[in-house]
Amino acid sequence: MSESFFERVYSVVRKIPEGKVTSYGAIANYLGTPKSARVVGWAMNASHDLDDVPAHRVVNRNGLLTGKHFFSGSNLMRELLESEGIKIENDKIVDFEHHFWNPST
DNA sequence: ATCTTGACCTAAT
DNA sequence: CATTAGGCCAAGA
């Protein structure tokens, strides 16, 4: 079974617990390709076909909602995160480290 | 096979 | 603090 890089990313993102977030680099690192962080983000772009992939729980290394612009409108991503107990300020996750989830977990 | 793009990351200026 | 540059990888045309 040759699973595309995307499917591997989806598998990890789907495992993100509610109220937790992770970064593209963390996922890429977990997959064994720490330098493919961009590809992870790109995979998320294709995740639009799937509704099982909480892309809103994936942010960049700074905890910044870089992909929020790709969601419907400009506040959907923030709404989803806040709905899970995560606080956002200036498009950035508050206490990012506290909400960070390690894929290895 | 070549070229382009992209929701990144780090460092330098 | 804002901007630029380089690197790195995968998929689509």
Side-chain angles (χ1 to χ4, degrees):
Chain A
M1 295 239 316
S2 319
E3 293 167 310
S4 300
F5 199 89
F6 293 176
E7 298 199 23
R8 286 184 251 179
V9 175
Y10 300 148
S11 299
V12 177
V13 176
R14 271 191 283 243
K15 288 171 190 165
I16 301 177
E18 194 175 300
K20 296 283 184 176
V21 288
T22 189
S23 62
Y24 306 94
I27 296 172
N29 187 12
Y30 171 70
L31 294 175
T33 54
K35 294 166 185 181
S36 321
R38 318 185 79 185
V39 186
V40 175
W42 192 38
M44 305 261 68
N45 188 10
S47 73
H48 278 239
D49 291 326
L50 312 166
D51 43 344
D52 298 87
V53 182
H56 60 272
R57 291 187 190 148
V58 185
V59 295
N60 70 348
R61 193 59 177 160
N62 294 316
L64 191 67
L65 281 56
T66 49
K68 77 169 217 163
H69 207 278
F70 275 59
F71 281 80
S72 306
S74 312
N75 55 331
L76 179 58
M77 189 171 184
R78 175 173 174 177
E79 290 275 317
L80 290 169
L81 289 171
E82 288 190 325
S83 182
E84 295 186 357
I86 299 174
K87 299 196 172 183
I88 311 294
E89 186 171 297
N90 199 2
D91 299 337
K92 188 178 68 184
I93 293 177
V94 180
D95 296 328
F96 176 59
E97 301 178 6
H98 188 65
H99 291 293
F100 184 81
W101 172 78
N102 192 329
S104 304
T105 314

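Here is how names work: the chains are called A, B, and so on, in the same order as the sequence lines, proteins then strands, and each is numbered from 1. These figures come from a predicted structure and were not determined experimentally.
- Shown here is A/Y30, whose OH atom has no more than 12 heavy atoms of other residues, nucleotides or ligands within 6.0 Å.
- Note: CZ (A/F6) to P (C/dG12) measures 6 Å, nearest angstrom.
- Distance alone, capped at 3.5 Å, is enough to place a donor-acceptor pair between the A/Y10 side chain and the A/A43 backbone.
- One atom, NZ of A/K68, and another, P of B/dC8, lie 14 Å apart when rounded to the nearest Å.
- Sorted by residue number, the members of residues 35-60 of chain A with any non-hydrogen atom under 4.0 Å from DNA chain C read A/K35, A/S36, A/R38, A/V39, A/W42.
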* Taking it one step at a time, do A/M44 and A/V53 satisfy side-chain contact (heavy atoms from CB on, under 4.5 Å)? -> CA-CA 8 Å; A/M44 305 261 68; A/V53 182; 3.4 Å; yes
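- For A/S36, the side chain to side chain donor-acceptor pair (under 3.5 Å) partners at least two apart in sequence or on another chain are A/T33.
- Nearest heavy atom pair, residue A/T66 against residue A/Y24, reads OG1-OH, 3.7 Å.
- The distance between atom CZ of A/R8 and atom P of C/dC9, rounded to the nearest whole Å, is 14 Å.
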* To do: Give the intermediate values and the outcome of salt bridge (charged side-chain N to carboxylate O under 4.0 Å, His left out) for residues A/D95 and A/K87.
  => CA-CA 8 Å; A/D95 296 328; A/K87 299 196 172 183; over 6 Å; no
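- Contacts of A/T33 with the nucleic acid, taken as non-hydrogen atoms under 4.0 Å apart, are absent.
- Between the OH atom of A/Y10 and the C1' atom of B/dA7 there is a distance of 12 Å, given to the nearest Å.
- Here the P atom of nucleotide B/dT10 and the OH atom of A/Y24 are 14 Å apart, to the nearest Å.
- Rounded to an integer number of Å, the gap from A/F70 CZ to B/dG6 P is 7 Å.
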* Asked: In dot-bracket, 5' to 3', how would DNA chain B read with Watson-Crick or G-U wobble pairs under 3.5 Å, [ ] for crossing ones and | for pairs to another strand?
  -> .|||||.||||||
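- Between A/R61 atom CZ and B/dA11 atom P the separation is 12 Å, expressed in whole Å.
- Salt bridge annotation for A/K20-A/E84: absent, with no cationic side-chain nitrogen under 4.0 angstrom from a carboxylate oxygen.
- Between A/F71 and A/H48, the two ring planes are tilted [angle within 30° to 60°].
- The CG atom of A/N45 sits 5.5 Å away from atom CZ of A/F70, with the distance rounded to the nearest 0.5 Å.
- As a whole-Å value, the separation of A/K92 NZ from B/dA7 P is 21 Å.
- Looking at heavy-atom distances under 4.0 Å, A/F5 makes contact with sugar-phosphate atoms alone, never a base.
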